[in-house]
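The structure that follows is given in the form of structure tokens.
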Amino acid sequence: MFLLSSILFIANSIRYELERTLNSLPPITVQKLQAGRHELISLQKLDKLLDIDGVQSAIPRYWGYYYFANAGVNFSIVGVDIFDKAYSDILHNLLENGTFGNDGMLVGQGVAKILRENYYKEYFNFVKSDGSLKQVNLAGVFDAKTSLESNDMIFMPKALVQEIFDLPQDKATDIVLQVANKDEIPNIIAKVKEIYPDSRVITKDDMRISYQNIFDYKSGLFLALFIVAIFTFFMIIYDRASGLSGNEKKEIGILKALGWRIEDILQEKFYEAFIISFFAFITALIAALSFVYLLQAPLLRDIFMGYSVLKSDFDLPFTIDFRMLSVVFFLSVPIYIAAIIIPSWRVASMDADEVMR
Amino acid sequence: MIKLENINKIFANNFYALKDISLHVSKGELVLLKSASGGGKSTILSLIAGLSKPSSGEVLVKDERISKLPDDFASLFRRQNIGFIFQKFNLIEDLSVRDNIIVPLIPSDFDEDLIEKRVARLLQRFDLSEKKEEIVRNLSGGQQQRVVIARALINEPSIIIADEPTANLDEKLSLDFVAFLQELQNEGKTIVVATHDPLFFNLPFVDRIIEIHKGVLL
């Protein structure tokens with residue numbers, strides 16, 4: 001039950017994380033392709049994109065991956081505008097005066113942890129493309145409820161990102177479009193493709209499929225573990241249901257000899273099985289909660305972290321799905337009770353004399 | 001009080017444990033069933049207590065045809081009328097002395113105070129008051145035997161059935177048991193004891209000894 005609950009908790013956390021990540025994605029992202037690869041996109045395209053009917057806003061994004069060799073991980077650096085609605089709330093909550101100045105950065109918990117471990121407690125020196133160093137101060141850390149995606153992120157002013165990655169002033173990494181009507185998205189995509197045939201247009205649905213593929217792969221592994229756990233549990237149940245031990249049979253015989261009716265014996269067995277299985281259920285649940293959310297699921301965690309070895313550390317977000325708890329409850333408690341009651345009923349229905357012999 | 005009429009009990013492979021047995025035990029009588037091991041005396045006790053059914057014939061206890069009663073009614077009848085003392089004690093080893101004694105009362109709707117009064121009386125009578133909360137597994141053989149007798153009396157039954165009650169006791173403890181048996185007889189209980197212990201056969205207060213050999217009354 002512990003293993004079963006742990007697997008379900010982890011899978012649930014990832015699913016929750018996936019949903020959260022997807023909800024925060026822009027409806028349309030426009031990227032430039034050159035020779036089939038993602039290239040920087042010209043800011044001159046902004047006006048034409050804004051002219052497309054249904055497009056509310058077109059915002060350039062500045063981001064890239066920074067490889068931190070000391071820890072062997074990639075950080076995602078994102079350039080943000082403090083007036084950008086998508087980030088202004090976070091920045092105002094975490095930073096004094098709502099700004100990190102010209103040389104500050106806001107980092108996810110995973111990044112903060114890795115920097116701390118490498119003795120970068122107040123600042124970090126980024127190596128620019130020309131080999132020189134750029135010192136950026138640590139202005140703040142996201143709170144503990146940071147997500148899988150933002151956990152390895154670093155937010156800093158756009159100008160700093162451009163400087164560190166040596167991005168030309170007239171280009172951005174990609175452009176995100178906000179739309180007024182979701183039904184218009186296919187038309188807008190068609191229009192973008194028509195105006196800029198060298199562009200790749202990614203919708204939230206595309207991202208959903210991409211993330212879902214990763215999740216499905218992971219959940220396949222979990223399914224295998226889940227089946228092993230269920231199989232083990234049912235083997236135990238089968239062992240219980242296939243017959244009682246000599247002592248258990250003798251006990252039922254004694255009770256019958258002392259005047260207990262079959263229903264009295266079954267009632268007693270029901271209470272006994274309920275107390276044992278419910279106590280086991282609660283204990284397994286508490287142990288699984290502690291294992292997954294306090295200890296961050298050692299060993300099991302590596303299974304779903306496998307696809308992103310370059311990602312920094314992150315916390316499994318705490319989420320309880322009562323439907324899932326019901327599944328674990330109904331898979332365990334009533335089945336265990338039945339596995340006790342059925343053989344007890346078979347024995348109690350025999351002559352007490354026969355049972356005791 | 002107890003009447004067996006033309007009882008046959010046949011086990012697997014057509015083995016006759018009892019052959020055409022008829023006997024009668026009157027109210028307040030103390031009767032010994034005497035036979036060698038496997039002679040059929042324990043089978044007679046099982047039939048009287050309704051623990052098993054005869055292959056043919058009829059068992060009447062207090063005018064109730066116990067051999068015809070459905071299983072649950074036989075259990076109920078046993079609970080209300082019969083106290084059983086087993087050869088191997090048959091205590092529930094993980095329970096305390098008190099809990100073992102009250103086992104027959106658990107399915108009944110007895111008042112808690114009444115149960116405690118009866119338990120206290122029996123604990124005192126059998127000198128077990130200080131062992132009340134002791135797990136029975138930790139008791140000596142003699143103490144366990146006294147718990148078994150107390151358990152048999154908790155329902156205040158009119159019939160006491162004892163199957164080889166001294167088989168696991170030394171001589172002194174066996175004599176103690178005989179003394180308890182006489183007390184029970186003096187209280188007017190009807191008692192049937194299955195035994196092959198010679199200790200019982202010269203007791204002055206025994207009313208009758210019935211001998212059985214290979215399932216047949218001698």
Side-chain angles (χ1 to χ4, degrees), chain A residues 236-237 239-283 333 336-357, chain B residues 9 11-12 17 38 42-55 67 69-95 100-110 136-137 148 151-155 157 159 161 163:
Chain A
I236 295 167
I237 291 294
D239 182 55
R240 294 291 296 148
S242 57
L244 300 178
S245 68
N247 274 342
E248 287 168 321
K249 283 181 185 172
K250 187 181 160 196
E251 188 182 302
I252 290 176
I254 294 170
L255 295 178
K256 280 200 82 175
L258 296 174
W260 285 44
R261 293 168 299 172
I262 296 171
E263 65 172 87
D264 299 325
I265 292 167
L266 295 186
Q267 198 175 38
E268 189 265 344
K269 287 288 171 191
F270 173 82
Y271 290 140
E272 187 182 298
F274 179 77
I275 290 167
I276 290 171
S277 56
F278 191 72
F279 182 73
F281 170 72
I282 295 293
T283 307
V333 176
Y336 183 82
I337 291 173
I340 295 294
I341 292 288
I342 292 168
S344 299
W345 170 75
R346 279 204 297 258
V347 172
S349 301
M350 294 159 67
D351 280 347
D353 188 46
E354 195 182 336
V355 176
M356 290 170 76
R357 276 172 200 271
Chain B
K9 181 70 180 177
F11 287 122
S42 293
T43 307
I44 291 179
L45 295 189
S46 286
L47 293 171
I48 294 171
L51 293 176
S52 64
K53 303 245 183 297
S55 305
S67 54
L69 285 177
D71 198 76
D72 276 355
F73 287 94
S75 292
L76 205 57
F77 182 83
R78 194 159 51 241
R79 191 195 305 171
Q80 290 163 349
N81 299 289
I82 297 172
F84 213 121
I85 298 168
F86 301 96
Q87 175 185 351
K88 290 176 184 166
F89 303 152
N90 282 336
L91 293 164
I92 299 175
E93 294 198 334
D94 295 326
L95 295 184
N100 262 286
I101 291 174
I102 67 165
V103 163
L105 291 184
I106 291 172
S108 311
D109 293 327
F110 277 105
V136 293
R137 179 185 333 115
V148 172
R151 184 179 66 183
L153 297 177
I154 190 76
N155 271 333
I159 300 167
I161 287 172
D163 188 6

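Letters go in sequence order (proteins before strands), and every chain restarts at 1.
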Donor-acceptor contact present, side-chain B:D71 to main-chain A:S349, <3.5 Å: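 No; judged by distance alone, with no hydrogens or angles, the pair does not exist.
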
Provide the closest heavy-atom pair for A:W260 versus B:P104 in the form atom of the first, atom of the second, distance.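 In terms of heavy atoms, the two residues are closest at NE1-CA, 4.2 Å.
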
Rounded at 0.5 Å granularity, tell me how far CG in B:D72 sits from NZ in A:K256.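 Taking CG in B:D72 and NZ in A:K256, the distance rounds to 7.5 Å.
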
Taking side chain as everything from C-beta outward and backbone as N, CA, C, O, which of these in B:L45 sits under 4.5 Å from a heavy atom of chain A? Side chain, backbone, both or neither.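 It is neither, since no heavy atom gets under 4.5 Å.
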
Using side-chain contact (heavy atoms from CB on, under 4.5 Å) as the criterion, list what pairs up with A:T283, not counting sequence neighbours.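 Scan of A:T283 (side-chain contact (heavy atoms from CB on, under 4.5 Å), adjacent residues dropped) gives A:F279.
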
Write down the atom of A:L258, the atom of B:V103, and the distance for their closest heavy-atom approach.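 Looking at all heavy atoms of both residues, the closest pair is CD1-CG1, 3.7 Å.
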
For residues A:I254 and B:R151, determine if any side-chain heavy atom of one lies less than 4.5 Å from a side-chain heavy atom of the other.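 Yes. Closest side-chain heavy atoms under 4.5 Å.
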
So, A:R261 side chain and B:L76 main chain: donor-acceptor pair closer than 3.5 Å or not?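 It does not hold such a pair.
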
To the nearest 0.5 Å, how far apart are CD1 in B:I106 and CD in A:Q267?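 The distance works out to 11.5 Å.
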
Among A:L255, A:I265, A:D264, which one satisfies side-chain contact (heavy atoms from CB on, under 4.5 Å) with B:P107?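 So, applying the side-chain contact (heavy atoms from CB on, under 4.5 Å) to B:P107 and each of A:L255, A:I265, A:D264, only A:D264 qualifies.
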
